2 protein chains.
Amino acid sequence: MTSRSSLLQAEAPSRPTGSPGRRQPHAGCEGCLTRSLAVCAALPPADTVELEAAAGELRVQAGATLAREGAVRRDVYTITRGMLRRVRLLPDGRRLVAGFLMAGDFIGFSGASHYRHTFEAITDCTLCVFALQDMQQLCRRHPELEAGMLRQACAELDATRSSLMTLARLTPVERLAGFLLDMAMRQQRLGASADRVDLPMTRNDIADHLGLTIETVSRSFTRLKQDGMIEFDAPRLITLLQPARLRALAGSPA
Amino acid sequence: MTSRSSLLQAEAPSRPTGSPGRRQPHAGCEGCLTRSLAVCAALPPADTVELEAAAGELRVQAGATLAREGAVRRDVYTITRGMLRRVRLLPDGRRLVAGFLMAGDFIGFSGASHYRHTFEAITDCTLCVFALQDMQQLCRRHPELEAGMLRQACAELDATRSSLMTLARLTPVERLAGFLLDMAMRQQRLGASADRVDLPMTRNDIADHLGLTIETVSRSFTRLKQDGMIEFDAPRLITLLQPARLRALAGSPA
DNA sequence: CGATCCGTTGACGACTATCAAGAAGTGTGG
DNA sequence: CCACACTTCTTGATAGTCGTCAACGGATCG
């Protein structure tokens with residue numbers, strides 16, 4: 001009985017490509033767990049009424065696709081529960097997982113008219129939906145919101161640029177160490193313990209995220225375990241025994 | 001006598017680490033060649049007076065460092081002439097060139113209080129300098145400017161995410177093909193011909209940008225030449241003979 | 001003219017991808 | 001409840017690609 005984190009709920013039997021789910025009226029920002037993390041935080045509490053009016057709630061089953069690469073980009077999203085992957089494919093099937101998205105993350109920082117990635121739910125997810133147009137109008141009326149979006153877009157840019165170093169110059173073990181630290185940090189922000197990492201995604205997802213094969217990912221896990229830096233509570237639930245050594249491996253900035 | 005492009009002027013005898021140059025009063029936005037490209041374009045012509053008041057002009061010699069990783073981030077820049085590289089180093093000397101910056105590009109989309117990269121001039125450069133504070137105030141007074149910054153930050157995010165695919169999943173030849181197309185496209189926006197690419201940076205810079213070694217970069221160049229896709233006018237001046245085939249190699253999006 | 005830097009090419013070896021098999025966990029149906 | 005299919009993850013053997021080491025040619029500069 002491996003009790004996975006309550007933040008990232010357990011993966012349901014994955015239907016290959018389920019429907020993205022229905023849009024429902026929004027329940028209200030007040031009780032929202034991610035209120036303080038998300039883009040919405042830029043708006044003073046008094047103005048959340050407007051946000052709520054524009055927002056819809058969307059639930060997506062594990063395994064289902066939220067939005068497909070190439071489709072017209074009509075909506076933007078804030079994730080309130082669960083985890084998704086940002087995927088891009090090459091014609092010959094090579095795959096990149098450009099990132100994992102969790103509660104508080106925003107989908108919609110793009111200048112493109114069409115989605116440039118496919119977004120697939122790894123666990124059951126709940127999201128706040130906004131029509132792109134509505135969000136743009138909200139931004140026009142509330143410069144603080146736009147400023148907040150700019151700040152968060154810059155933060156994401158910083159993070160993405162760090163990934164460049166990972167992919168360009170780090171060894172497999174170093175990449176994995178950095179990945180584990182990154183996931184731990186983000187989950188900690190959501191209230192999890194600092195040294196426990198929950199990995200709802202498959203080894204394949206991790207491989208395609210780190211530019212490796214699943215075998216190399218697996219061997220790198222084994223190496224970190226043998227060296228006493230991590231411990232497996234389950235294949236997808238890991239304890240970081242020596243975060244400092246992991247940080248040293250990953251090149252500190254992580 | 002290799003007459004390099006007039007857009008990216010020839011590399012001067014590189015002083016190892018010259019001084020970043022002096023800040024001068026600004027010459028005015030009216031005649032600025034990059035006016036239509038840069039962040040500033042978001043501001044209506046009537047308001048450029050304010051921009052000019054806040055801006056300074058800065059010249060940086062080839063080989064000199066504009067800003068150092070870890071230093072306090074006091075200024076932001078728009079490049080009006082020349083080319084710089086965005087560099088990050090690992091403790092053991094491994095290097096990443098996170099990007100090449102040219103006329104119209106903006107340095108300053110970051111949420112960090114300190115520079116996260118070192119910026120080094122590849123050719124002699126001219127830049128518009130703004131104190132970070134001034135720019136933030138300008139944004140507060142002119143929401144259009146902030147909206148423009150957000151748009152451009154998103155565009156840069158899109159571009160950076162594309163680099164992830166390059167580094168994670170493309171072969172050396174594919175990476176180089178994509179790189180050449182990217183440089184050609186950006187130089188075309190500045191008025192150069194579509195099939196001529198000027199590469200002021202060294203093979204080492206290219207290697208550290210593509211996550212390869214200089215030998216592999218060199219061999220990949222040779223391969224593209226042997227296959228008839230490119231032609232060398234000089235080691236750093238290349239003609240794209242078959243852009244379509246290059247695009248196919250790079251995975252089209254480029 | 002020698003020194004230095006840059007780029008190319010060749011020989012070799014290491015590391016990671018590939019191929020293959022097996023172990024472990026999960027859900028389904030009898 | 002158990003057998004079976006299926007997926008995921010791990011481990012081993014092998015091969016290929018790219019990194020490393022080395023040498024050379026060309027350009028630039030003092």
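A, B, ... follow the sequence lines: proteins, then strands. Residue 1 opens every chain. This is a predicted model, so every value here is computed, not measured.
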Subject >> Any R236(A) side-chain N or O less than 4.0 Å from OP1/OP2 of dC9(D) >> reply: yes
Original post:
With distance as the sole criterion, do the side chain of R219(A) and the base of dT18(C) form a donor-acceptor contact below 3.5 Å?
Top reply: yes
Subject >> T222(A) side-chain N/O to dT11(D) phosphate OP1/OP2 under 4.0 Å >> reply: yes
**OP:** Using only side-chain N and O atoms of R203(B), determine if any of them is under 4.0 Å from OP1 or OP2 of dC5(C).
**Re:** no
**OP:** Report the distance from atom CD of E215(B) to atom P of dT17(D), rounded to the nearest whole Å.
**Re:** 18 Å
Original post:
Can you tell me if the side-chain N/O atoms of T216(B) get under 4.0 Å from OP1 or OP2 in dG19(D)?
Top reply: yes
Original post:
Side chains of R88(B) and S162(A): do they bring a donor and an acceptor to under 3.5 Å?
Top reply: yes
Original post:
Relative to F221(A), does R203(A) satisfy both conditions: NZ or CZ under 6.0 angstrom from the six-membered ring centre, and within 45 degrees of the ring's axis?
Top reply: yes
Original post:
How many Å lie between CZ on R223(A) and P on dG12(D), as a whole number?
Top reply: 13 Å
Subject >> Check: T239(B)/R196(B) side-chain N/O donor and acceptor closer than 3.5 Å >> reply: yes
**OP:** Tell me which of P235(A) and T171(A) sits closer to the 5' end of DNA chain C, going by the nucleotide each one is nearest to.
**Re:** T171(A)
Original post:
Relative to the 5' end of DNA chain D, which residue comes earlier, L212(B) or V217(A), by the nucleotide with the nearest heavy atom?
Top reply: V217(A)
Original post:
Between dC18(D) atom C1' and D208(B) atom CG, what is the distance in whole Å?
Top reply: 15 Å
**OP:** Indicate whether the side chain of E174(A) and that of T171(A) have a donor and an acceptor atom separated by less than 3.5 Å.
**Re:** yes
